[in-house]
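See structure below.
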Amino acid sequence: MSKSERELIVELEAVLIGRRYSPVVIRNYCSYAREFLDYLMYRGIPVADVTETEVAEYLRRAAAQFRKRRGRRPSKRWHEVPQSGIHALLRLGQGQWPPSPKVACAADALRFTVCNEYETWLRDERGLAQASIDAFLWEARYFLAWQLDRSGVEGLNGLTVGDIDSYMDLRGSKLTRSSLKSAAERLRSLLRHLLQDCPRCGRSVAAYHRAAALCL
């Protein structure tokens, strides 16, 4: 590991300590960050040039190594800890992560705007740690892409109970009961933000209460 890479790990540890992450989380995040840096060095990829494709490929390789060492598949949510550690590292190495997406249409522009405002709200109003913000943002991006692809740029104007049920049916086909409840809680958080701060969604009260009911 080069000096600059060692400095990144030291800086990452200091940032996590400053944000009051638990010692176990700090140790895990830094461990996965080191392994990712070793992977980048092996492939000759500078930290500044990493894209989401490299992160996804590394996680696939790490999951395969897990199966090889332990003789079983990792759990569905196993990737969340290494992914969060890698994302924290890349925010230091690149100044921003994930990288700013390219706007291809009006729906993309709306989705990016909502997500940027939502991230600020999660951090400033709710005071969440970065790992939690990442999880909430993932759900938000997934839901917004799904809804806007179905309904266009007006898709957030008066979300219905049927919209929420259809989305949760989609998520439920891939999740355990407890994971589905967590997804509903993340969705409820997004809808709460939209109701408070997004004029387009002022008629979505019923959808919010439906998401709340699914968390029970």
Side-chain angles (χ1 to χ4, degrees), residues 1-2 4-6 8-9 11-13 15-16 21-22 24-102 104 108 111-112 115 119 129-146 148-149 167-187:
M1 187 181 294
S2 70
S4 61
E5 289 166 341
R6 287 197 298 271
L8 273 177
I9 296 297
E11 186 177 356
L12 173 61
E13 184 176 11
V15 168
L16 296 175
Y21 281 65
S22 73
V24 172
V25 171
I26 293 172
R27 183 171 62 252
N28 288 337
Y29 278 21
C30 289
S31 176
Y32 283 115
R34 287 189 190 93
E35 291 179 8
F36 183 64
L37 287 172
D38 289 342
Y39 168 78
L40 294 179
M41 182 181 294
Y42 174 77
R43 293 194 57 193
I45 302 173
V47 172
D49 294 342
V50 172
T51 69
E52 291 175 297
T53 300
E54 280 79 43
V55 175
E57 176 61 25
Y58 170 78
L59 291 173
R60 283 193 292 270
R61 289 172 176 262
Q65 286 295 320
F66 183 102
R67 289 195 299 271
K68 184 176 180 180
R69 289 196 301 265
R70 306 196 183 190
R72 60 180 176 84
R73 292 178 179 273
S75 67
K76 289 183 178 180
R77 300 183 64 180
W78 170 85
H79 69 284
E80 292 181 0
V81 174
Q83 178 177 272
S84 294
I86 291 168
H87 286 185
L89 173 75
L90 292 173
R91 276 191 289 273
L92 293 176
Q94 296 191 2
Q96 176 181 338
W97 190 268
S100 298
K102 295 181 179 179
D108 281 349
R111 178 161 53 90
F112 301 155
C115 285
E119 181 176 11
Q130 189 61 52
S132 297
I133 292 173
D134 289 343
F136 278 81
L137 280 175
W138 186 95
E139 195 73 50
R141 293 187 184 106
Y142 194 93
F143 172 75
L144 291 169
W146 175 83
L148 294 174
D149 283 347
Y167 176 75
M168 295 308 297
D169 285 344
L170 172 68
R171 296 289 276 127
S173 67
K174 304 175 182 178
L175 298 175
T176 63
R177 184 181 181 86
S178 61
S179 296
L180 185 61
K181 182 177 179 180
S182 296
E185 290 172 347
R186 292 191 294 268
L187 179 59

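No hydrogens, no waters, no symmetry mates; every other heavy atom, side chains included, goes into these values. Counting from 1, the numbers follow the sequence of the chain as shown.
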Applying side chain to side chain donor-acceptor pair (under 3.5 Å) to Glu54 and Thr51, what does each step give before you reach the verdict?
CA-CA 6 Å; Glu54 280 79 43; Thr51 69; 2.5 Å; yes
Here the pair of heavy atoms bringing Gly85 nearest to Ala33 is O-CB, 4.3 Å
Smallest heavy-atom separation, Ser179 atom then Arg77 atom, equals OG-CD, 3.8 Å
Distance col, row Leu92:CG vs Glu11:CD, nearest 0.5 angstrom, shows 4.5 Å
Interatomic distance, CG@Leu12 vs OH@Tyr21, rounded to 0.5 Å, equals 9.5 Å
On a heavy-atom basis, the closest approach of Arg72 and Phe66 is O-CD2, 3.5 Å
Contacts of Ser173 meeting side-chain hydrogen bond (donor to acceptor under 3.5 Å, both in side chains) (sequence neighbours excluded), chain-then-number -> none
Between Trp138 and Tyr142, does the ring centre distance come in under 6.0 Å? yes
Separation between CG (Leu89) and CD1 (Ile9), nearest 0.5 Å, reads 5.5 Å
Lys/Arg N to Asp/Glu carboxylate O, Glu139 vs Arg171, below 4.0 Å: yes
Note: Leu187 and Met168 closest approach over all heavy atoms is CD2-SD, 3.9 Å
Here the pair of heavy atoms bringing Ala183 nearest to Leu175 is CB-CD1, 4.1 Å
Value for CZ (Phe36) from CE (Met41), rounded to nearest 0.5 Å, stands at 12.5 Å
Closest heavy-atom pair, Arg111 versus Leu148, reported as atoms and distance to 0.1 Å, is CB-CD1, 3.9 Å
Q) Heavy atoms, side chains only, cut-off 4.5 Å: are Val25 and Leu16 in contact? A) no
Interatomic distance, CH2@Trp78 vs CZ@Arg73, rounded to 0.5 Å, equals 13.0 Å
Quiz prompt | Verdict with supporting geometry, Val55 and Leu90, side-chain contact (heavy atoms from CB on, under 4.5 Å) | solution = CA-CA 10 Å; Val55 175; Leu90 292 173; 3.7 Å; yes
For Asp149, the side-chain hydrogen bond (donor to acceptor under 3.5 Å, both in side chains) test, sequence neighbours excluded, returns none
Review point. Which word best sums up how the rings of Trp97 and His87 line up, parallel for under 30°, tilted for 30 to 60°, or perpendicular for over 60°?
Key: tilted
Glu80 side-chain N/O to Ala135 backbone N/O, donor-acceptor pair under 3.5 Å: no
Output for pair (Tyr167 OH, Trp146 CH2), nearest 0.5 Å, gives 8.5 Å
Salt bridge (Lys or Arg N to Asp or Glu O under 4.0 Å) filter on Arg141, not counting sequence neighbours, yields none
